[in-house]
Amino acid sequence: TGKLLKTIVGHAGSIQSLLLIEKLRIVISGSYDLTIRAWSIETGAYLRLWRGHRGTITCLDHNDTLLISGARDSMVKVWYLKKAMIKRTFHHPRPIISVRLLGDRAAVGTESHHLYLWDVNQGTNLKVFSTVGKVHCVNITPHFIMGGAHNVMYIWSMLSLNESPMFTLPHPGRVLSVQYCYVRCVTGCEDGKIRVWSLVSGDCIKVIRANAKGDSITALFVDLDRLVVNTSSTVISLNFIATTWDYCSQRFSEEKRQSQEEAGGVKRTLKRRCKSAVQLRTHIKNTTANMQCGQTQWAVRRPTGFHKTPKTMTGIMGPDTPHVPPSSPEIPPTSPDIPPTAEDIPPTSEDIPLHLSDSPLSSPRDPENITTTVVETA
């Protein structure tokens, strides 16, 4: 409803950072007075005090058992959440702007144009990432580590921890806040707009204007279908209709569809080519078998009275190869009273194809029964 429920007073200076833990029903505040205090949400009573920083506390975060804080004294301190005791201190060259804790990993953004990744249990530095400006906001997930600097949001992989980022997301101004939600990166910029980015393709899916004034967005909180935005002048709650998230941008889906169609076309082409190759292979195989067998049917012209049944001749005999007639039934001689016709005259060498011009075209019948006509030309 937006109704004010309770006002808590207790710090001696301005409050620079807040952390709400609904599971424990407490709110934790970091102040200009160098202290961190825990308050009851229901009664507003003071519960706990953490003291140890020598500068203004600028950022807070927590996990199930630990509380982490960053301050202007260039130190990051890790505290036990349920008792006012310190566990670890990390020193940095410049003041701390943002911190984020996930399990035993802590991401720290500083004014030195670097983002640091620490192992909380071992107290060792795992990686240092370089940026183009001050790291105003950080976020860490099991798969990504995000850092917002001057006009750019960097996203690195937590699996490989490469120094070069996976995505570099440009903005028109400083990126002051970042949240992770359903393989999406939600950023708040000083131009007063909220941008939703896909971590699959790196595309900007949606741009939302927080208010008509265009105030800078200093903090974001994403909870299911609700987005709470803190600007320099107001706090806004944006409620969205419950829907199923599409993890691919429109361009990525279109490219995927085109690639699938191209793959299907290539598959169909290869299938046709394979079918043609099989047919060609079968044809070559049959032709090779016929050549190895060496049997070719020849239709020989015979004089009148002969049966014009093709006879079999083994091989293609050259001019120097003696002809051996195969065993076949003896053909009766023709009658001498019937002269040969033009159809019965055997072809000359000019009528024979080039590749058979050297063959004598020997007939398997008796050579004495072949009539040859010689024609003289002028």
Side-chain angles (χ1 to χ4, degrees), residues 5-102 105-112 115-116 118 120 134-140 146-148 174-179 188 216-221 228-233 235:
L5 298 178
K6 195 175 294 295
T7 301
I8 301 175
V9 180
H11 279 289
S14 61
I15 297 173
Q16 301 295 316
S17 56
L18 275 175
L19 181 63
L20 177 65
I21 308 178
E22 294 188 23
K23 184 178 180 179
L24 300 178
R25 305 297 297 169
I26 62 173
V27 59
I28 301 176
S29 58
S31 174
Y32 182 78
D33 61 5
L34 312 184
T35 62
I36 303 171
R37 299 174 185 264
W39 315 83
S40 171
I41 294 178
E42 298 174 351
T43 62
Y46 162 76
L47 300 177
R48 202 169 295 114
L49 173 67
W50 294 271
R51 188 190 300 273
H53 281 290
R54 297 193 296 269
T56 302
I57 288 84
T58 57
C59 46
L60 296 167
D61 199 18
H62 77 100
N63 60 16
D64 293 337
T65 58
L66 299 175
L67 172 69
I68 188 171
S69 61
R72 299 289 302 175
D73 58 1
S74 304
M75 291 189 295
V76 172
K77 293 183 179 292
V78 181
W79 316 81
Y80 291 102
L81 184 59
K82 296 184 179 180
K83 52 186 177 181
M85 293 180 60
I86 189 170
K87 178 179 180 179
R88 193 85 61 185
T89 300
F90 301 113
H91 296 271
H92 298 79
R94 297 295 298 275
I96 310 301
I97 302 178
S98 55
V99 295
R100 189 55 63 96
L101 183 64
L102 178 68
R105 298 288 188 269
V108 180
T110 69
E111 294 183 357
S112 62
L115 190 151
Y116 298 84
W118 297 90
V120 174
K134 300 178 181 179
V135 184
H136 297 283
C137 57
V138 296
N139 202 337
I140 185 172
M146 312 172 192
R174 292 181 302 167
V175 184
L176 302 178
S177 56
V178 58
Q179 286 289 325
S216 299
I217 299 174
T218 58
L220 288 170
F221 177 75
V228 180
V229 184
N230 182 30
T231 68
S232 57
S233 60
V235 177

Do any N or O atoms from the side chain of [X] and from the backbone of [Y] form a donor-acceptor pair under 3.5 angstrom?
X: S31; Y: S14; result: yes
X: S40; Y: A45; result: no
X: D73; Y: R54; result: yes
X: S216; Y: S232; result: no

Distance (rounded to the nearest 0.5 Å) between [X] [atom1] and [Y] [atom2]:
X: R51; Y: I86; atom1: CZ; atom2: CD1; value: 13.5 Å
X: L220; Y: T231; atom1: CG; atom2: OG1; value: 10.5 Å
X: L101; Y: D64; atom1: CG; atom2: CG; value: 9.5 Å
X: H62; Y: L24; atom1: NE2; atom2: CG; value: 7.5 Å
X: M146; Y: I140; atom1: CE; atom2: CD1; value: 10.0 Å
X: L49; Y: T35; atom1: CG; atom2: OG1; value: 6.0 Å

Do any pairs count as a salt bridge (Lys or Arg N to Asp or Glu O under 4.0 Å) and have a residue in residues 78-100, sequence neighbours left out, and if so which ones?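 Counting only pairs at least two positions apart or across chains, the salt bridge (Lys or Arg N to Asp or Glu O under 4.0 Å) contacts touching residues 78-100 are D61-R100, R94-E111.
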Is [Y] close to [X] at the side-chain level, that is, under 4.5 Å between some pair of heavy atoms?
X: C137; Y: V175; value: yes
X: T110; Y: P93; value: no
X: T58; Y: R72; value: yes
X: L176; Y: I217; value: no
X: L66; Y: L81; value: no

Minimal non-hydrogen separation, [X] against [Y], with atom names:
X: V135; Y: S98; answer: O-OG, 3.5 Å
X: L34; Y: H53; answer: CB-O, 3.8 Å
X: S177; Y: T218; answer: CB-O, 3.9 Å
X: A71; Y: G55; answer: CB-O, 3.8 Å
X: I36; Y: W79; answer: CD1-NE1, 4.0 Å
X: S69; Y: L60; answer: CB-CD2, 3.6 Å

Could you walk me through whether V228 and V235 satisfy the side-chain contact (heavy atoms from CB on, under 4.5 Å) test, starting with their C-alpha distance in whole Å, then the side-chain angles of each, then the deciding distance to 0.1 Å, before giving a yes or no? CA-CA 7 Å; V228 180; V235 177; 4.1 Å; yes
With sequence neighbours excluded, what pairs up with S29 under the side-chain hydrogen bond (donor to acceptor under 3.5 Å, both in side chains) test?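 Result, side-chain hydrogen bond (donor to acceptor under 3.5 Å, both in side chains) vs S29: H11, W39.
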Stepwise, does the side-chain contact (heavy atoms from CB on, under 4.5 Å) test hold for I41 with L20? CA-CA 9 Å; I41 294 178; L20 177 65; 3.3 Å; yes
side-chain contact (heavy atoms from CB on, under 4.5 Å) evaluation trace for Y46 with I8: CA-CA 9 Å; Y46 162 76; I8 301 175; over 6 Å; no
Checking S112 against H92 for the side-chain hydrogen bond (donor to acceptor under 3.5 Å, both in side chains) test, could you report, in this order, the C-alpha distance in whole Å, the side-chain angles of both residues, the deciding distance, and whether it holds? CA-CA 9 Å; S112 62; H92 298 79; over 6 Å; no
For a side-chain contact (heavy atoms from CB on, under 4.5 Å) check, start with the C-alpha distance between W50 and L67, then their side-chain angles and the critical distance, and finish with the verdict. CA-CA 10 Å; W50 294 271; L67 172 69; 4.0 Å; yes
